[in-house]
Amino acid sequence: MIIPNMHYAELKNSYLFYNIAQKTKAYLAEHPDSRLYRLGIGDVTLPLCDAVIKALHEAVDDQADLKRFHGYMPECGDPSLRALIAGHYRKRGIALEDDEVFVSSGASDELGDILHLFDRQSSALVIEPAYPAYVDANVMEGRTIVHLPSGKADAFLPEPSESAKAGLLYICSPNNPTGAVFSREKLQKWIDFANANGSVILFDAAYEAFIEDETLPRSIFELEGARTCAIEICSLSKTAGFTGTRFGYTVIPKDLVRNGMSFNEMWVRNRTTRTNGVSYILQKAAAAVFTEEGQKQIAENIHFYKENARILTEALDEAGIWYTGGKNAPYIWMECPDGMDSWKFFDYLLQEIQVVGTPGEGFGSCGEGYFRFSTFGSREDTLEAAKRIKRLFR
Ligand code: PLP
């Protein structure tokens, strides 16, 4: 008999988005004339920019033409696209070799797949509250998880300590759900800690494009010593609205070596065995993002979401509510007023002002008492929600 991977039985069911859907459905059934203002979604709402759409159309036409047709693409990415992405880093003062960049079908896929490079005996540190996939992907492999809670006292940006020692260190900055961003000084401490202990940092930079404060690091490779301890995982999902299109990229420096094994070489071997590459059509669409025109157009979309963030944070400031995020991240993480727990606050907002957000408890137990607003909603919903929040907490 085949033995299943019994670690799947250790996974905790996540009721977060299911419960939200059930509660909003029940509310609408009871109040059929009501309208809800949705600030809970982690998905983008604006369409792809013109440069990407044009590239997609061209790529489809190429596939219809005998002379321009493309079959399998190189497993680690088309060399011209890898060069384009390395060039994008170079413009920000980060020197990468083209073959240190790998293209992927998205950060989620990559965050799971990359674990294949590490022994299952190695533990994984997850700073909580956290994107739930970090824990689940490691539980599936039977890896021990070291949970590091963060909170208001450290502004959800904890420093390394003895109790944070682990083989793999997950750092997500800007963070989902807290919107908090590590400063150069704080991130440097984690890099020094990883190098001192032989750990590897998995740096999730899915939201780097939302950083507007130029003193904050958008890539871990801006900092000293990162090339010997970090892998950076990026995504065009939020940067360029690719959630339904799928594209990401990963940087694995050649200096990242443990036990004489090069993680860059191992990943080449992994990709050439376990994938047949990202499709030609998507690679062409992604390439358009890294052109001057593409960068200008995606910046306009990001600006739209940032205006949503400004509208919401202004309402919270007026209401005197403590929060992180919003300025350099598409999420706002607020403290629930009057010591309310996060599901109670969810019900309160739904009943009183018909605003839907995400209870912080769904991102780890230290998220209890906090609440996440997303800035990816429509302008109409955001404006009305902000107005209602101001009125409720006047
Ligand atoms: N990492 C973080 C922190 C995220 O919030 C998300 C998506 O919400 C992802 C990764 C997944 O990105 P992708 O759409 O590229 O799979």
Side-chain angles (χ1 to χ4, degrees), residues 14 16-17 20 38-46 48 52 77 85 101-115 124-138 148 150 156-157 168-182 187 201-211 217-220 230-251 275 278-279 282-283 285-286 289-290 298 301-302 305 309 324-326 328-333 357-358 360 362-364 367 372-377:
S14 170
L16 179 63
F17 292 104
I20 292 174
R38 296 181 189 272
L39 303 180
I41 51 162
D43 200 351
V44 292
T45 47
L46 293 177
L48 294 167
V52 170
I85 298 172
V101 176
F102 296 83
V103 311
S104 77
S105 307
S108 265
D109 315 42
E110 205 77 338
L111 282 161
D113 291 352
I114 205 99
L115 294 177
L125 174 92
V126 177
I127 298 173
E128 288 181 340
Y131 182 56
Y134 301 157
V135 169
D136 288 352
N138 281 286
L148 177 64
S150 64
F156 292 92
L157 297 167
L168 282 174
L169 311 174
Y170 282 85
I171 297 184
C172 178
S173 178
N175 188 273
N176 178 12
T178 67
V181 186
F182 277 96
L187 190 55
I201 295 175
L202 291 181
F203 190 73
D204 185 341
Y207 299 101
E208 55 84 18
F210 289 80
I211 295 180
R218 284 177 63 170
S219 163
I220 194 164
I231 291 175
E232 180 159 291
I233 294 179
C234 300
S235 164
L236 292 190
S237 282
K238 311 298 160 71
T239 303
F242 269 55
T243 52
T245 308
R246 312 303 302 145
F247 186 86
Y249 53 98
T250 297
V251 177
T275 80
V278 174
S279 79
L282 293 190
Q283 294 206 46
V289 171
F290 295 97
I298 63 163
N301 283 9
I302 290 171
Y305 297 129
T324 56
N328 295 292
Y331 298 113
I332 298 164
W333 179 253
T358 312
F363 302 97
R372 190 192 77 172
F373 285 132
S374 155
T375 62
F376 291 122

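Small disclaimer: the values here were computed from a predicted structure and weren't measured. Counting convention: from 1, in listed order, for ligands and their atoms alike.
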Note the single closest protein heavy atom to [atom], along with its residue, its atom name and the distance in Å.
atom: atom 8 (O) of ligand 1; answer: Lys238 NZ, 2.9 Å
atom: atom 14 (O) of ligand 1; answer: Ser237 OG, 2.5 Å
atom: atom 12 (O) of ligand 1; answer: Ala107 CB, 3.6 Å
atom: atom 9 (C) of ligand 1; answer: Tyr131 OH, 3.4 Å

Using 30° and 60° as the class limits, which term best fits the ring planes of Tyr134 and Tyr131: parallel, tilted or perpendicular? perpendicular
Phe182 ring center near Phe203 ring center (under 6.0 Å):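 For Phe182 and Phe203, the ring centres are not under 6.0 Å apart.
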Using modelled atom types and a 3.5 Å cut-off, is there a donor and acceptor pairing between side-chain atoms of [X] and backbone atoms of [Y]?
X: Thr358; Y: Gly40; answer: yes
X: Thr375; Y: Pro330; answer: yes
X: Lys238; Y: Ala209; answer: no
X: Ser104; Y: Gly106; answer: yes
X: Tyr305; Y: Thr45; answer: yes

Test your reading of the structure: does Arg246 have an N or O sitting under 3.5 Å from an N or O of ligand 1? yes
Atoms of ligand 1, numbered as shown, that sit under 4.0 Å from any heavy atom of Gly106: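 Listed by number with element: 15 (O), 16 (O).
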Within the 4.0 Å heavy-atom shell around Ser235, which atoms of ligand 1 are there? 12 (O), 13 (P), 15 (O)
Mind checking salt bridge (charged side-chain N to carboxylate O under 4.0 Å, His left out) for Asp43 and listing every partner two or more places apart, or none if nothing turns up? none
Going by heavy atoms, is [X] under 4.0 Å from ligand 1?
X: Asp204; result: yes
X: Glu110; result: no
X: Cys172; result: yes

Going by heavy-atom distance to atom 5 (O) of ligand 1, choose the closest among Tyr249, Tyr170, Tyr207.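 Among Tyr249, Tyr170, Tyr207, the closest heavy atom to atom 5 (O) of ligand 1 comes from Tyr207.
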